[in-house]
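Let me begin by presenting the structure, written as structure tokens, before commenting on it.
What you see below is based on every heavy atom in this structure, not just the backbone, and it leaves out hydrogens, waters and symmetry mates. Every number for a ligand or one of its atoms is a count from 1 in the order of the listing. Residue numbers run from 1 in the order of the sequence given.
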Amino acid sequence: MRKSSSIQVTKSFLPPMEEYVKLLQSAWHSSQLTNGGSLLLQLMEALKAYLNVPQVLVTANGTLSLQIAIKALKLRGEVITTPFSYIATSAAIAWQGCKPVFVDIEEDHCCIDAGKIEEAITPGTTAILATHVFGNPCNVEKIEEIAIRHGLKVIYDGAHCFGVNYLGQSVFNYGNISICSFHATKLFHTAEGGCLITPDEKLLEKIMWLHNLGHNGPEDFHGLGINGKASELHAAMGLAVLPHVKSLVESRKQRAEIYDGLLQPGLQKIQLRKGTDWNYGYYPVLFDTEAKMLEIKGALNEEQIFPRRYFYPALNKVEYLRGPEMPIAEDVASRILCLPLYHDLGTEDIERITSIINKIV
Ligand SMILES: Cc1ncc(COP(=O)(O)O)c(C=O)c1O
């Protein structure tokens, strides 16, 4: 079998360099590299229009965006969250001095099981922080109903959700605050970056000063803040990537369909929630057992192909977060593998990957 250069689970899309450099010229002319420069303002306007959301604040990364969201909503005590997410989700809760309280996931959609949330609510609960796993929306209707009934805030970790619509509108329009990650490995990226989205104008104002060290002008402060600002260099990358996003989604969709056609039928996949217009951010597959998944991963690695155990481990198993057993999340985390998926992944490569998998399955 042909051996070629290594294939990673994802690959950053780089816009034509001249498009990036052209955008940088405005920063060079103004000598303004950060603190709300014109490229950043341009990017935020462009994102607002692209995503069709009321307002967007671009920040330094998705993790800080989560921390700022928790701070802005003054969360304390217990925050109900999912054990099946990237470490940043729970780490942000713990970093802000709150306690992550895990609720198991739905096996089909892999998002927090909204039907189990109420059992976990105590007098100390202040919020629900749920992840739209791989861009698959949570049961947002049920979560909203529970939150209203119990007076809880809702934050959505939409790190994977760039451009995802649910029931005809941006999935970022749900909850008190949603965040997204613009990390280099994401569909839309600014190398490092993220954003906060909220329909609440007053909350946005607060988030603005929170992410800018509390500044109220140069010599006055609203209160305690942190530095979560994005630079002009990052904004320029975002402006250079954004015009390509539609074709990136299309090219991922084509590749996902090739996988669908070549992989043995019957493999367990994550079900998209009905009404979702997806972004093809990931290609996760669940194998029958952890042993089978590890065998497949090992065989692919031998061919210099590096899928990722994403997410693994279940977060209730992480030492500093340790929580009670979460049977479904632990089971899913032990068997899942995200296969390589990116804009210019070759058909030949997908054929190679699927034939290795099919032989073992
Ligand atoms: C679900 C989830 N939440 C949060 C983050 C954190 O985003 P960032 O890397 O931009 O800090 C990530 C990053 O991969 C993620 O996958």
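- Under the 30°/60° scheme for interplanar angles, the aromatic rings of Y50 and F162 are found to lie parallel.
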Run the side-chain donor-acceptor check on residues 311-327: report pairs under 3.5 Å with partners two or more places apart or on a different chain.
{"unit_1": "N316", "atom_1": "ND2", "unit_2": "P324", "atom_2": "O", "d": "3.1"}
{"unit_1": "N316", "atom_1": "ND2", "unit_2": "E330", "atom_2": "OE2", "d": "2.7"}
{"unit_1": "K317", "atom_1": "NZ", "unit_2": "E325", "atom_2": "OE2", "d": "3.3"}
{"unit_1": "E319", "atom_1": "OE1", "unit_2": "R322", "atom_2": "NH2", "d": "3.3"}
{"unit_1": "R322", "atom_1": "NH2", "unit_2": "K317", "atom_2": "O", "d": "3.2"}

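- When hydrophobic side chains of Ile, Leu, Val, Met, Phe, Trp and Tyr are connected at separations under 4.5 Å, V9 ends up as a singleton with no cluster partners.
- Note that the OG1 atom of T81 and the CD1 atom of I117 stand 9.5 Å from one another [nearest 0.5 Å].
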Pairs under 3.5 Å, nitrogen or oxygen of ligand 1 with protein nitrogen or oxygen:
{"unit_1": "ligand 1", "atom_1": "3 (N)", "unit_2": "D157", "atom_2": "OD1", "d": "3.2"}
{"unit_1": "ligand 1", "atom_1": "3 (N)", "unit_2": "D157", "atom_2": "OD2", "d": "2.6"}
{"unit_1": "ligand 1", "atom_1": "7 (O)", "unit_2": "S181", "atom_2": "OG", "d": "3.4"}
{"unit_1": "ligand 1", "atom_1": "10 (O)", "unit_2": "G62", "atom_2": "N", "d": "2.8"}
{"unit_1": "ligand 1", "atom_1": "10 (O)", "unit_2": "S181", "atom_2": "OG", "d": "2.7"}
{"unit_1": "ligand 1", "atom_1": "11 (O)", "unit_2": "G62", "atom_2": "N", "d": "3.3"}
{"unit_1": "ligand 1", "atom_1": "11 (O)", "unit_2": "T63", "atom_2": "N", "d": "2.9"}
{"unit_1": "ligand 1", "atom_1": "11 (O)", "unit_2": "T63", "atom_2": "OG1", "d": "2.6"}
{"unit_1": "ligand 1", "atom_1": "14 (O)", "unit_2": "K186", "atom_2": "NZ", "d": "2.6"}
{"unit_1": "ligand 1", "atom_1": "16 (O)", "unit_2": "H160", "atom_2": "NE2", "d": "2.8"}
{"unit_1": "ligand 1", "atom_1": "16 (O)", "unit_2": "Y310", "atom_2": "OH", "d": "2.9"}

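- For the pair I179/D157, a side-chain contact is recorded, criterion being any heavy-atom separation below 4.5 Å from C-beta on.
- Note on residues 59-75: pairs passing side-chain hydrogen bond (donor to acceptor under 3.5 Å, both in side chains), not counting sequence neighbours, are T59-S65.
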